[in-house]
Number of protein chains: 2
Amino acid sequence: METTTEEKIITAARKVFLEKGYAATRTRDIANEAGINLALLNYYFRSKEKLFQLIMTEKVQQLFSIILPIVNNDEMTLEQKLENLIENYINLFILNPDLPLFVISEIRFNAEGFKSRLHLQDILENSSIQRQIRDLRPDVNPIHFMTSILGMIVFPFISRPILLPDNTNFASLMEERKALIHNWTTAILKS
Amino acid sequence: METTTEEKIITAARKVFLEKGYAATRTRDIANEAGINLALLNYYFRSKEKLFQLIMTEKVQQLFSIILPIVNNDEMTLEQKLENLIENYINLFILNPDLPLFVISEIRFNAEGFKSRLHLQDILENSSIQRQIRDLRPDVNPIHFMTSILGMIVFPFISRPILLPDNTNFASLMEERKALIHNWTTAILKS
DNA sequence: GTCTATACTACGATAGAC
DNA sequence: GTCTATCGTAGTATAGAC
């Protein structure tokens with residue numbers, strides 16, 4: 001075991017917070033999962049809230065580090081951006097199936113805090129990708145294309161516990177989905 | 001005030017649970033919101049868990065009472081079913097914007113319980129709508145169409161706190177979205 | 001049915017020995 | 001740094017008067 005105590009706690013916190021969410025998580029569960037004492041957790045991170053912020057920041061960055069470099073990239077065509085979004089997000093979610101629902105659920109409880117920190121709406125507003133969409137389809141509010149594209153990518157992962165059977169090979173289903181979404185997004189941009 | 005105490009508690013519970021989720025809700029908050037005493041809440045509903053089940057059942061039914069009568073309706077064409085889904089779900093979510101994220105988030109913490117009760121996968125499997133989709137597009141797993149259609153409908157409501165600015169008139173944006181999704185779903189079924 | 005008071009437990013956090 | 005023990009509080013739930 002090469003990992004430090006601090007790393008063990010963070011790894012455990014990541015697991016428990018993602019599984020249960022902030023409110024349902026017990027710091028004792030994190031301590032047990034990490035194989036250390038409860039007191040030690042507070043020694044390293046001072047409070048449950050602080051430890052959570054660490055995990056949450058990490059997960060928000062993981063989620064938005066895909067879309068942020070793309071939206072304002074002037075070197076890429078719209079076609080390339082869509083391909084890139086689909087490929088990278090589906091790969092990310094296959095490896096981290098809890099990620100999207102975790103971030104969406106927890107941001108909801110602190111919507112104002114993250115809105116003021118992230119400015120995602122401002123970033124999308126007048127972004128390169130939004131201009132590209134508007135050039136192609138000046139008749140439609142671009143937010144409708146953005147939400148439809150992202151919805152097709154994200155929704156299977158969010159609704160998986162309700163809609164999708166366990167027995168299917170979920171990963172390969174999502175792999176084959178890449179090409180489909182690619183066709184569908186270009187189709188709706190022309191419809 | 002014509003409402004009974006029981007109704008006042010349920011109304012308050014509905015509000016608080018939907019806002020905060022089960023784990024973060026305090027029964028004291030519900031009691032305060034209802035304008036009654038904490039002891040009275042337990043007198044009527046025995047426990048927080050029981051009260052929550054009541055609200056959760058109500059919300060799950062609210063959510064699935066739209067899709068369930070449609071999927072196996074042999075009188076409707078696929079076209080009519082899609083139109084119906086889009087119209088009814090967007091209307092429902094405009095009036096209840098917290099509903100989809102609440103149900104999805106909370107089911108996640110008790111996925112097995114609801115899966116065994118709801119059987120939604122079984123219902124979709126070999127359903128009338130799935131046969132209609134397969135007739136039209138035997139080359140694609142119908143689950144991809146279902147998740148894309150539902151994703152386009154639901155995702156704006158789920159991602160609203162992150163993606164969409166407050167100042168826009170959200171309801172009218174969703175109203176105009178109905179016709180767009182209608183076009184887009186028929187477009188992807190033909191692409 | 002409705003209240004006040006309280007029992008009981010679980011949780012987050014800290015004190016203090018090592 | 002790491003532990004045991006414990007404090008203080010907040011949470012669910014109940015007892016018992018009215």
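By convention in this document, chain letters (A, B, ...) are assigned in the order of the sequence lines, proteins followed by strands, and residues within each chain are numbered from 1.
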Discussion item. Just the rounded figure in Å: distance from C1' of C/dA13 to OH of A/Tyr44.
Written reply: 17 Å
Discussion item. Rounding to an integer number of Å, can you tell me how far A/Lys50 NZ sits from C/dA13 C1'?
Written reply: 13 Å
Fill in: Sub-4.0 Å heavy-atom contacts from residues 14-42 of chain A onto DNA chain D, ordered by number
A/Asn37, A/Ala39, A/Leu40
Worksheet item: Is the backbone of B/Ser127 close enough, under 3.5 Å, to the side chain of B/Asn72 for a donor and an acceptor to pair up by distance?
Response: no
Practice prompt. State whether A/Thr5 places a side-chain N or O below 4.0 Å from either non-bridging phosphate oxygen (OP1 or OP2) of D/dT2.
Written response: yes
Worksheet item: Say you draw a straight line from CZ of A/Phe155 to CD1 of B/Ile158; how long is it, rounded to the nearest 0.5 Å?
Response: 6.0 Å
Item to complete: With rounding to the nearest 0.5 Å, note down the distance linking CG in A/Leu82 to CG in A/Leu189.
Response: 6.5 Å
Worksheet item: Are A/Lys48 and A/Tyr22 in a cation-pi contact, defined as NZ or CZ under 6.0 Å from the six-membered ring centre and within 45° of the axis?
Response: yes
Worksheet, complete the sentence: When rounded to whole Å, the OH to P distance for the pair B/Tyr43 and D/dG16 reads 17 Å
Practice prompt. Keeping the roles fixed (side chain from A/Arg28, backbone from A/Leu38), state whether a donor-acceptor pair exists under 3.5 Å.
Written response: no
Worksheet entry | Partners meeting salt bridge (charged side-chain N to carboxylate O under 4.0 Å, His left out) with B/Lys178 (sequence neighbours left out) | B/Glu87, B/Glu175
Discussion item. Without decimals, in angstroms, what is the distance between A/Phe45 CZ and C/dT14 P?
Written reply: 15 Å
